[in-house]
Colleague: 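Dumping the structure here so I can ask a few things about it.
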Amino acid sequence: MATTVQTGAAVHQAGQHGNSKVSETLYRLLLYGAVILGGVIFAIPFYWMLRTSVMPTTQVYLFPPEWWPDKFEWHHFKTPFAVFPFARFFLNSTFIAAGSAIGTALSSSVVGFSFARLRFPFRDKIFVIVLATMMLPEHVRLVPTYLLFVELDWIGTYRPLIIPNWFAPAFYVFLMRQFFMTIPRELDDSAMIDGCNPIGLFWRIHLPLSLPALGVVLIFMVTAQWNDFLHPLIYIQGVPNYTVALGLRLFEGHMTNNMQALMAASILGVLPTIILFFFAQRYFVQGIVVSGVKG
């Protein structure tokens, strides 16, 4: 009798294990299917740009549209560089994005470390004020900021696009602070026992450990500065000083009837940020996950 009961229990457990395994497999299939479907949906606009840029003119405006070109015409990617100095535009955008990203990473890491590890009067209240600046719309700050740069004689230069980012933007301060709070305080105590001061603690301990968060800051800042259209439009003067975003708008007005060249220029404009994310995605994902663990 006992043997029969044990056998029945074993069969019941095996059945439950089999059902759970089937459920887990079904869940994974549905999850992967949803991810693949979402990836395809988000990739369609980029594919449409690429398909249009290499498609013959007679095929672009067909209805219903054709998804695959009859022949590939790659010469449209040369047109932007033949009409406008797009190589110069890329150098200008690279200079602005790199200068802004490096300054933002260094300043926000220092300020974020101060809010996360140092103790000083009204620390939490000051941090709330810093976060409150994120609630101000950009259009509210636009006019007074422009008047300030006029007084500084910065209009027509890249300084209004780079130097303000060296003063720790609030969002990146918040991101770095969240990451620093995930680092165990035992490391701080050990370093202090060995005679490390706050500057050494930041430079030798926290900064090397914060590479994932710094990667997130760099990716966010480079992408934002590369795609920024409003601020270069206001502060930059002269076509040779234009960024890629302004160059694309200029090219659009000049090549209204050449859809293939417009799509080719658009692909060239977004390609650097895609390449950057492709090579830095590991740091990006790790930084986002770790910096959001504790608040």
Side-chain angles (χ1 to χ4, degrees), residues 42-62 65-105 154-165 215 218-281 284:
F42 280 97
I44 285 177
F46 185 80
Y47 171 75
W48 196 262
M49 291 169 55
L50 181 60
R51 159 256 187 207
T52 305
S53 65
V54 299
M55 184 172 281
T57 306
T58 56
Q59 211 176 350
V60 171
Y61 299 102
L62 291 179
E66 297 185 3
W67 288 83
W68 192 259
D70 293 336
K71 64 177 182 178
F72 295 89
E73 297 183 354
W74 298 99
H75 63 87
H76 297 294
F77 286 91
K78 300 179 181 179
T79 306
F81 298 95
V83 178
F84 292 109
F86 260 85
R88 179 68 181 271
F89 297 163
F90 275 89
L91 290 177
N92 296 338
S93 293
T94 302
F95 175 73
I96 295 172
S100 300
I102 294 173
T104 299
W154 285 5
I155 303 301
T157 67
Y158 295 142
R159 281 172 283 184
L161 305 176
I162 299 176
I163 295 180
N165 296 311
L218 291 174
I219 292 174
F220 276 175
M221 200 63 199
V222 169
T223 304
Q225 291 297 99
W226 189 273
N227 297 325
D228 189 16
F229 177 80
L230 178 62
H231 295 92
L233 179 65
I234 294 174
Y235 299 120
I236 294 179
Q237 299 174 355
V239 173
N241 298 323
Y242 277 10
T243 61
V244 172
L246 295 182
L248 288 175
R249 183 64 186 90
L250 188 65
F251 187 72
E252 180 185 1
H254 187 78
M255 305 289 291
T256 306
N257 298 323
N258 193 337
M259 185 62 65
Q260 300 98 309
L262 288 177
M263 293 297 104
S266 300
I267 290 176
L268 292 174
V270 302
L271 195 59
T273 55
I274 295 176
I275 295 175
L276 174 65
F277 179 79
F278 177 79
F279 284 103
Q281 60 180 328
F284 177 80

Colleague: List, one per line, each side-chain donor-acceptor pair under 3.5 Å for residues 267-277, sequence neighbours excluded.
Modeller:
residue	atom	partner	partner atom	Å
Thr273	OG1	Val270	O	2.7

Colleague: Let me confirm one number: the CG-CD1 distance from Asn165 to Ile102, rounded to the nearest 0.5 Å.
Modeller: 12.0 Å

Colleague: A side-chain contact here means heavy atoms from C-beta on lying under 4.5 Å apart; do His231 and Pro160 qualify?
Modeller: no

Colleague: Any idea which heavy atoms bring Pro80 and Ala265 closest together, and the distance?
Modeller: CG-CB, 3.7 Å

Colleague: Quick one: CZ on Phe77 to CZ on Phe86, what's the gap to the nearest 0.5 Å?
Modeller: 12.5 Å

Colleague: To check you understand the geometry: which heavy-atom pair defines the closest contact between Met55 and His76, and what is its length?
Modeller: O-NE2, 4.2 Å

Colleague: Work out which heavy atom in Met221 is nearest to a heavy atom in Ala101; give both atom names and the distance.
Modeller: CG-CA, 3.7 Å

Colleague: Any donor and acceptor pair, going by atom type alone, linking the side chain of Asp228 with main-chain N or O of Ala224 inside 3.5 Å?
Modeller: no

Colleague: Please answer whether the main-chain N or O of Trp67 pairs with a side-chain N or O of Tyr47 as donor and acceptor at a distance below 3.5 Å.
Modeller: yes

Colleague: For the residue pair Phe72 and Trp68, does the interplanar ring angle fall in the parallel (under 30°), tilted (30 to 60°) or perpendicular (over 60°) class?
Modeller: perpendicular

Colleague: Roughly how far, to the nearest 0.5 Å, is OG of Ser53 from CE of Met259?
Modeller: 12.0 Å

Colleague: Show me, pair by pair, the donor-acceptor contacts under 3.5 angstrom made by side chains of residues 236-253, not counting sequence neighbours?
Modeller:
residue	atom	partner	partner atom	Å
Asn241	ND2	Gln237	O	3.0

Colleague: A quick test of your reading: do over 12 heavy atoms of other residues, nucleotides or ligands sit less than 6.0 Å from CE of Met49?
Modeller: yes

Colleague: To the closest 0.5 Å, what do you measure between OG1 (Thr94) and CZ (Phe89)?
Modeller: 13.0 Å

Colleague: Could you tell me which non-hydrogen atom of Val54 sits nearest to which non-hydrogen atom of Pro69, and how far apart they are?
Modeller: CG2-CG, 4.2 Å

Colleague: Has the side chain of Gln225 got a donor or acceptor atom that lies under 3.5 Å from a matching backbone atom of Leu161?
Modeller: yes

Colleague: Using the side chain to side chain contact (heavy atoms under 4.5 Å, CB included) criterion, which residues pair with Leu91? Sequence neighbours excluded.
Modeller: none

Colleague: How about Phe95: does its CZ atom have over 12 heavy atoms from other parts shown lying under 6.0 Å from it?
Modeller: no

